[in-house]
Structures are given as C-alpha cells and as structure tokens.
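Working notes, structure below.
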Number of protein chains: 2
Amino acid sequence: MATISDVAARAGVSRSTVSRVFLQPQVVAEDARRRVLAAADTLGYEPSPVARSLRRGRTGNLGLVVPDIANPFFPPLIKAVQRQARRHQMALFVADSDEHADDELALVRAMAKQVDGLILASPRVAEADLRALIEGTPTVVINRRLEGIPAVVTTPEQGMTQAVEHLAALGHGEIVYLAGPEQAYSNQQRRQALENACRLHGLRLSELGPFEPHFESGVRAGDLVLAQGGSAVVAYNDQIALGLLARLSERGTRVAQDVSVIGVDDTWLARMASPALTTVRVPAGAAGAAAVRLMVDVLSGGPVAGAAVELATELIVRSSTAAPPRPAATA
Amino acid sequence: MATISDVAARAGVSRSTVSRVFLQPQVVAEDARRRVLAAADTLGYEPSPVARSLRRGRTGNLGLVVPDIANPFFPPLIKAVQRQARRHQMALFVADSDEHADDELALVRAMAKQVDGLILASPRVAEADLRALIEGTPTVVINRRLEGIPAVVTTPEQGMTQAVEHLAALGHGEIVYLAGPEQAYSNQQRRQALENACRLHGLRLSELGPFEPHFESGVRAGDLVLAQGGSAVVAYNDQIALGLLARLSERGTRVAQDVSVIGVDDTWLARMASPALTTVRVPAGAAGAAAVRLMVDVLSGGPVAGAAVELATELIVRSSTAAPPRPAATA
DNA sequence: CATATCCCTGAAATCGATCCCATAGTGGTT
DNA sequence: AACCACTATGGGATCGATTTCAGGGATATG
C-alpha cells in the first residue's frame, strides 16, 4: 500500500502538501494539486483511515448495537441509522448481541474505542456495567432511559390506549398481555401503558410470560392462552403475536372471530400474516434517524446530556381483531 | 482517556513495560506487572485499538457486507460470522448495501482499510469495480464465483433436483420459475440447476420475472401466475414464495391443492407460514462460518487464492406442495 | 575474581497521517 | 525603495501504541 510519503516523493512536494490536497484542496496551488492527484492516482493511494483516526482523535465511524438482527423490528432501524450516518459522512458498524447481556458488554467494549459514538438499541445490560463501559464514549440509547444519557424512546401510551379502546369498542371485557423479557425497558413500558389504559376503560388485565420475543414463544403462548381462556390478547411484539396466530390456527381456533390478537412493532410480517395482524406501530426508522441526529448534536458539543426524543405510536387495525364470540357485558 | 504513558508514569516504569504487561505478561517481573495492572486499573486504561492498529498493521476487525439485512436469510449468516469471528478474537462490523451496487461499492471502500479482511455476501457489484476495490484487502465472497478469490458457495443442484423430483412424483408436468435479480449469481445458478433437473425429468419449465427478492414481488407474481396458469411454482427465494402464498390465498386459490409452491433458503418464515412452505434449505449459518474459516486461512498466509468451499442444499418438504388438481400425464 | 548467562527493563524508532508554525516568494502600496 | 499583506509550501512535532536493540544487574560457572 502506498503511503503519503510515496505520493509526496513522486509528486515532488512535501507530505504536508499531499495531506492538504485531500483535506483542503483550495489552499493548494493548481499546479501542485494536479501533480499530487496524478501521483496518488497512479500509486493507488488513499489516506489510511487508521493513521488519520489516530492523529485526529476521531474515526468517523458510528457503532450500533442491536439485541437481535433477526428480529424484523431492527432491520428498518439499522437501515435508517446507516442512511442518516452516511448523510453525515460517517460509516456505520453494526453488531448483534443476541439478546445476551454479556455479549452486549463485550461488543460495546470492542466497539467503544473504535467509533466516535455508540448507539445502543434496547440495551439489556445492567445499568452500572453500561455506565462504566461507555465512560468516555458519546452514547445514545434507543428505547431505554438512563439518567443523563441522551435517548430516543418510543412511547407506547398512545398505541396501547388505542388498542384498548379498539378492543373495548368491539366488546371485549378483558385482555391477556403476553409479556416480553422481564428486564427489557420496553416490556415494562408497554405493560404500564396497557395497565393504565385498561384501568381507564374498565377492562380486566391478566398477564402471561415472560416470553423471549420470538415466534416460538408465541407458539408456546398459544396453548397457555387456550388453556386459560380469554377473548383478546395483546402481545409484547409482533413476533410473539405471529407465533400465537399460527398456534391458534393450528389448534382450530379462528383468530379474530374466536380470539382477537394485537401485536406491537408493525414489522412487515404483520402485514403478510393471515389474518393480517392488528398491531401498534412503533416507528423504528424514525427512532434510528433521531438517534443519529442526537448523536451528531452530542458530537458537535451540543448541551444534550439528558435529552430525550419521544416518538409516538399508533394502532394499525387489520384483520386479527373482531368482536368476541359471545357478546360480553357491553351494555 | 488515559494513555500508556500515564500508566507508565504512575507505575514508575517505561511505556515498553506497560505494553509488555498487556501483550506478554510472562516476561515482566511479577512486581512490576502488579504495579502496572494496578495503575491501569485506577486510571481506567485500555490500549487504544487505533494506535495499536497503526503500529501493527492489523486492526483485528472483520467486515461483512450483506445486500439486505431485512432479508431473513442473512441474519443467521451474520450471527454465524460474528460468532466465528469472535472465536478468532476478531470483532465483526456489518454493513448493508440495500441491494444497491453503488452503495455496496461505497461501503466496501469505507470498510476495506479499516478491517483485516472483508467478507462479501452475494455481492452485486460489477466484477471489475470489485477487483479494483479489494486490491490489497483479503476478501472472501459468499455465493459468487470470482476467479482467484476464495469463495463459499451454496450449490442449488441437489435441492433443485429434489424439488423437481418431488413435483414430478406428485404428478406435475411443468414448473414456473419466479426469477430473482438478473445480475445475481444465485439467480443464474438456481435457474440453471432447475433447467437441468427439468430436462432430466422431462418437465416443462417457464419463467417469470425478474423479481426483486421481496415479499411484495411475490404478491405481484401471484397475479401473473394466476393469469398464465400453472400448477407448480418454484420461487427464487422464500420471500417471493411467501408473497405468492399470500396473494394466492387472497385470490381464493388454495395453495398445495390448486398450486404447489416451493421456495428457496428455508428462512424461519417458511416454517411459520400457513401452509408451511416447502423449500430448498440453504445453509446460511454454515456458509458464514466457512467464510470466516477461509478468511482465517487467508490471513495466516495459507495458499488459498482460488479456494472454494461448496455447501449442498436439500429440499424440505412441508405443506405447500401437493398433487396437481387435475391428474396430469402421470402414467 | 573474572566471565558467561539469563532476565528484565528502558530508549528510541516506527506505523501513516494531521496540523501548527515558520518562511520564501509574490505583488501591491506609498 | 522600503514595507506590508498574503499565499503557498515545508519542517517537524504529534497522536498512542509496538517492537527492536542494547544494556544493567543478578546469578551461576570456571
């Protein structure tokens, strides 16, 4: 690989000049600039990002840690982050923690020193560990609140309220919540929103779980729901809801007619399921983009220590919800 | 952030000694080692990966570029690569090219100099561009053959042959192939395998497309299939097949009974669809792991220039295939 | 006691760039 | 002619580590 010195020698200028040609072309004389570019071209020279990072103290890279790439909620978020990062001339490095706190820590540790900023989506790590680790690395979290750390959170209140109203309007009197991972911030948030809405509209709420946010968990939940009875189910996320849908169909229960099911996230799977899944849309892409914007503010020294961007959610009604089989106490 | 000099000063040793404590602890005297570790601990020192990379000429990072993280085929591959990389003490950086050749080039360019090796999954980039870009960066490709570049390819022959045999045995006399992106190596490979198998078993083969490998393409394909008629369809991948399934159901056509559908990839969606999708399993995880192993060989100077690992595929029969509605010419 | 051997340590060069500072040269102004 | 302002360039320190090489000191050997 050619270095800046090689180019300088070939172009008959100093290293400084070569450097300038790439950083502030305007200040270099037309003549010298052309010679440098020609030399760089024939030598196939490109500035070493590593050396540049060392000297500058910035890498131009952003890191993103997600709990599970296979969860269809995250790809749109990742894509949005990548697009937004590119817009600010930064490259994005993504890592997957496999829903595992230890791996998450290891990943954060590996990344922290190689990126200018770290975006953590739905981190599971214990707060103390996390704080210790990101000491010195600008960090933005998505879907978790940590005092003093800028965050983007989606607020389930609106969506969950709409969901409860929707079910109440259809005549349901009680709701079963299929809980997500106990330590997940989103789970606590969603449960709380659901509780509040139910209290407000006089619906009974029961809970099953916790479940890992996977399709298989939903399948397992299906049997529990059938055993316990219940006409309306709200799942922690679409994946669980879809597993539930599959299992209910398998066991001869008609989704919507017999049991109404609502998911959360509105991943593309919700649309493709049959029946199409009624779900609370969570703006994943918007959250990712907002996180990058926050990060940019942080990096440019903005006073955003505890800033939090809140993004609303909304219910998307499709075909997995309907009036309960035997009219409940509507009147 | 504390530097090696800070630690050295605090521990009362030279920078060399500090460095050695982290690289070859055995050669440092017990006493000095303890002092250094203590100093490092209180200062919260960790060697700067950037400086280390510059000096060593290696970053300890691997890069992986995939065409679409949202395609459920890739997450298992990504996870496998990440796991395998970790096993070799390397961190993995993932980037998504959005099925876009230009973006892919830009990503490769951004990554190339910051990683020790690059793994390109199903690259769409034109061969010449690619070769120019990876000049000087050890590269392994997955699902594409490029003379002289080590590769891991999945061979559709076995799976496609089994698929054709399966359909033929059920009594189908012709197959419609829903093609993937024209320039995709996998598409050419799969079409070819299908052609050969059809010729061998005397089935007629027709083709629709090309389609982008998305659910929506499959939906669109559904109408084309219905218009043209045909009792058996093989799609480029599961996503297209699932879109097809959804559309056929929507239009009142019963999958399996009226039209048999076979996908390729065996992503987890194939299992969850209803009816569950018969599909050709492509070992994504194994491919990822194999790619890392190849990469490690390359990096350790092994003579693997043109090496190619081939991974077989197999048909997984589920519920989307059945005998054609009116018995075809079986006897 | 002199010398060889082995361990441990530090000095200094190096990786490839950036960037501050000094200066040579040019042109304009009085 | 003297001076100023300004532009383009080069020299050299620097980022934070690794690594080679040489040497000091302790121990063993003759």
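Lettering of chains follows the sequences in order, A, B, ..., and the numbering in each one begins at 1.
The distance between atom CG of B:Asp31 and atom C1' of C:dT9, rounded to the nearest whole Å, is 12 Å. Between B:Gln114 atom CD and C:dA17 atom C1' there is a gap of 14 Å when expressed in whole angstrom units. Remark: P of C:dA17 and CE of A:Met1 are 11 Å apart, rounded to the nearest angstrom. Distance, A:Ile4 CD1 to D:dG12 P: 17 Å, rounded to whole Å. Separating the CZ atom of B:Phe22 from the P atom of D:dT18 is a distance of 9 Å, rounded to the nearest angstrom.
Crowding of A:Glu135 atom CD: a count of heavy atoms from other residues, nucleotides or ligands under 6.0 Å not exceeding 12. Within a 6.0 Å radius of CZ in B:Arg58, no more than 12 heavy atoms belonging to other residues, nucleotides or ligands are found.
Using a 4.0 Å heavy-atom criterion, one finds that B:Val28 contacts the sugar-phosphate atoms exclusively. Among the protein residues, A:Val18 comes within range of no part of the nucleic acid, since none of its heavy atoms lies under 4.0 Å from any strand.
Salt bridge annotation for B:Glu30-B:Arg34: present, with a cationic side-chain nitrogen under 4.0 angstrom from a carboxylate oxygen. Look at B:Glu99 and B:Arg124 and you find a salt bridge, because one of the NZ, NE, NH1 or NH2 atoms lies within 4.0 Å of a carboxylate O, short of that distance. Ion pairing between a basic and an acidic side chain is recognised when a charged N comes within 4.0 Å of a carboxylate O; B:Asp6 and B:Arg10 show no such pairing.
If you check the side chains of B:Asn61 and B:Gln114, you find no donor sitting under 3.5 Å from an acceptor. Side chains of B:Gln82 and A:Asp96: no donor on one and acceptor on the other come within 3.5 Å. No hydrogens or angles considered: nothing links the side chains of A:Ser97 and A:Asp103 as a donor-acceptor pair under 3.5 Å.
The phosphate of C:dG10 (OP1 or OP2) has a side-chain N or O of B:Ser14 nearer than 4.0 angstrom.
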Could you run down nucleotides 19-27 of chain C 5' to 3' and tag each one B, S or - for protein heavy-atom contact under 4.0 Å?
BB-------
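Side-chain proximity of A:Ala32 to D:dT9, D:dA17, C:dT9: nearest is D:dT9. Checking D:dT9, C:dC15, C:dA17 against the side-chain heavy atoms of B:Leu54 singles out C:dC15 as nearest.
In this structure, A:Phe93 and B:Phe93 have parallel ring planes: the angle between them is below the 30° cut-off, well short of the 60° mark.
Of the residues in residues 41-50 of chain B, none has a non-hydrogen atom less than 4.0 angstrom from any atom of DNA chain C.
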